[in-house]
Amino acid sequence: MPEGHTLHRLALDLSAAFGGRRVSVSSPQGRFADEAALLDGTVLVDAQSWGKHLFVQLDDGSADGAFVHVHLGLIGTFAVHASVDVVPPPVGQVRLRLARSAPDGSAYADLRGAITCALVTADQRAAVVERSGPDPLRPDAEPDRAWQRIHRSRKPVGALLMDQGVLAGVGNVYRAEVLFRHGVAPMTAGRRLPRVRWNAMWDDLRDLMQIGVERGRIDTVRPEHEPEAMGREPRADDHGGEVYVYRRDGLPCLVCGTEIRRRVVAGRNLFWCPSCQQRG
DNA sequence: CGGTTATGGTCAT
DNA sequence: TGACCCTAACCGC
């Protein structure tokens with residue numbers, strides 16, 4: 001379930017559960033075993049995220065600290081159990097386990113299926129951050145950096161939104177939904193997108209993704225189009241919360257009734273309403 | 001049980 | 001553009 005909001009939520013949860021505490025680090029599955037042994041018993045400083053990259057900082061005694069770089073990819077999960085009586089034995093393929101035990105309660109977190117789980121230096125971490133575009137969830141983000149790339153590009157805005165070097169943290173759900181909410185035709189070239197539109201899309205992404213952090217799911221439907229307001233059933237599956245177009249191809253648009261379309265853009269299925277989304 | 005799909009990304013061609 | 005990586009859920013047989 002990993003778009004940028006998932007990683008920010010994870011950073012908050014990991015920091016709350018383990019920050020400033022001594023942790024046991026292990027790799028039950030074995031693929032991170034050597035690195036885990038080096039980190040076992042160190043103090044977890046905190047966790048932070050940039051776009052879809054997560055960095056867990058541990059105090060290994062070195063000047064710059066050590067970082068576990070995690071990227072969940074498409075199918076990875078990092079489940080944080082912040083308050084348990086006893087840390088249970090691992091089940092299935094657990095690449096990385098963080099755990100701590102205390103009289104007032106124990107905690108553990110299991111990483112599975114991640115595309116990246118690596119021990120990196122502060123410099124390596126900085127390089128990843130530098131390669132990334134601005135992340136709407138970070139207060140210090142500069143949306144103008146993304147605009148400079150977008151307004152010079154002939155590529156469709158539907159592809160640019162997925163480029164993590166242009167903008168970091170947006171994935172396939174937020175891409176489709178922000179285009180819908182701003183009435184933008186997905187194949188519009190970046191250079192044809194008015195600046196006012198980009199400004200509004202950025203502000204909207206920041207707000208939507210913040211809601212995603214708080215709720216742990218992606219909801220993008222405005223109050224007047226919510227199920228209760230329209231007398232329709234809530235979304236049947238829980239993949240993305242309440243959305244306008246994501247994975248709704250073949251179904252009627254919630255606003256105008258036109259059939260939602262699907263097309264592969266930038267290697268992923270993009271969903272849109274051809275009637276509501278006609279502007280640049 | 002096998003095939004398909006998935007909120008992602010890299011590398012080779 | 002396609003192969004591939006990682007894991008889990010779901011579907012049809």
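As the structure is a prediction and not an experimental result, all values here were calculated from the model.
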Pairwise N/O distances under 3.5 Å, protein to nucleotides 3-5 of chain B:
none

Using a cut-off of under 3.5 Å, enumerate the N/O to N/O pairs linking the protein to nucleotides 2-6 of chain C.
from: C:dC6; atom 1: OP1; to: A:Arg31; atom 2: NH1; distance (Å): 3.2

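A:Gln148 is linked by a side-chain hydrogen bond (donor to acceptor under 3.5 Å, both in side chains) to A:Asp144, A:Arg152, counting only residues two or more places apart in sequence or in another chain. Qualifying side chain to side chain contact (heavy atoms under 4.5 Å, CB included) partners for A:Leu12, counting only residues two or more places apart in sequence or in other chains: A:Val213. Checked against side-chain hydrogen bond (donor to acceptor under 3.5 Å, both in side chains), A:His53 has the following partners two or more places apart in sequence or in another chain: A:His69. Remark: A:Tyr174 pairs with no residue by the side-chain hydrogen bond (donor to acceptor under 3.5 Å, both in side chains) rule, at least two apart or across chains.
Sorted by first then second residue, the salt bridge (Lys or Arg N to Asp or Glu O under 4.0 Å) pairs that include residues 86-102 of chain A, not counting sequence neighbours, are A:Arg97-A:Asp110. The salt bridge (Lys or Arg N to Asp or Glu O under 4.0 Å) pairs that include a residue from residues 28-43 of chain A number zero, where partners must be two or more places apart or lie in different chains. Pairs engaging residues 175-186 of chain A under the salt bridge (Lys or Arg N to Asp or Glu O under 4.0 Å) rule: A:Arg181-A:Asp204 [sequence neighbours left out].
For the pair A:Lys52 and B:dT7, the criterion of a side-chain N or O lying under 4.0 Å from OP1 or OP2 is not met. Between A:His5 and B:dT7, a side-chain N or O to OP1/OP2 separation shorter than 4.0 Å is absent. Phosphate contact (OP1/OP2 of B:dT7, side-chain N/O of A:Tyr174, threshold under 4.0 Å): absent.
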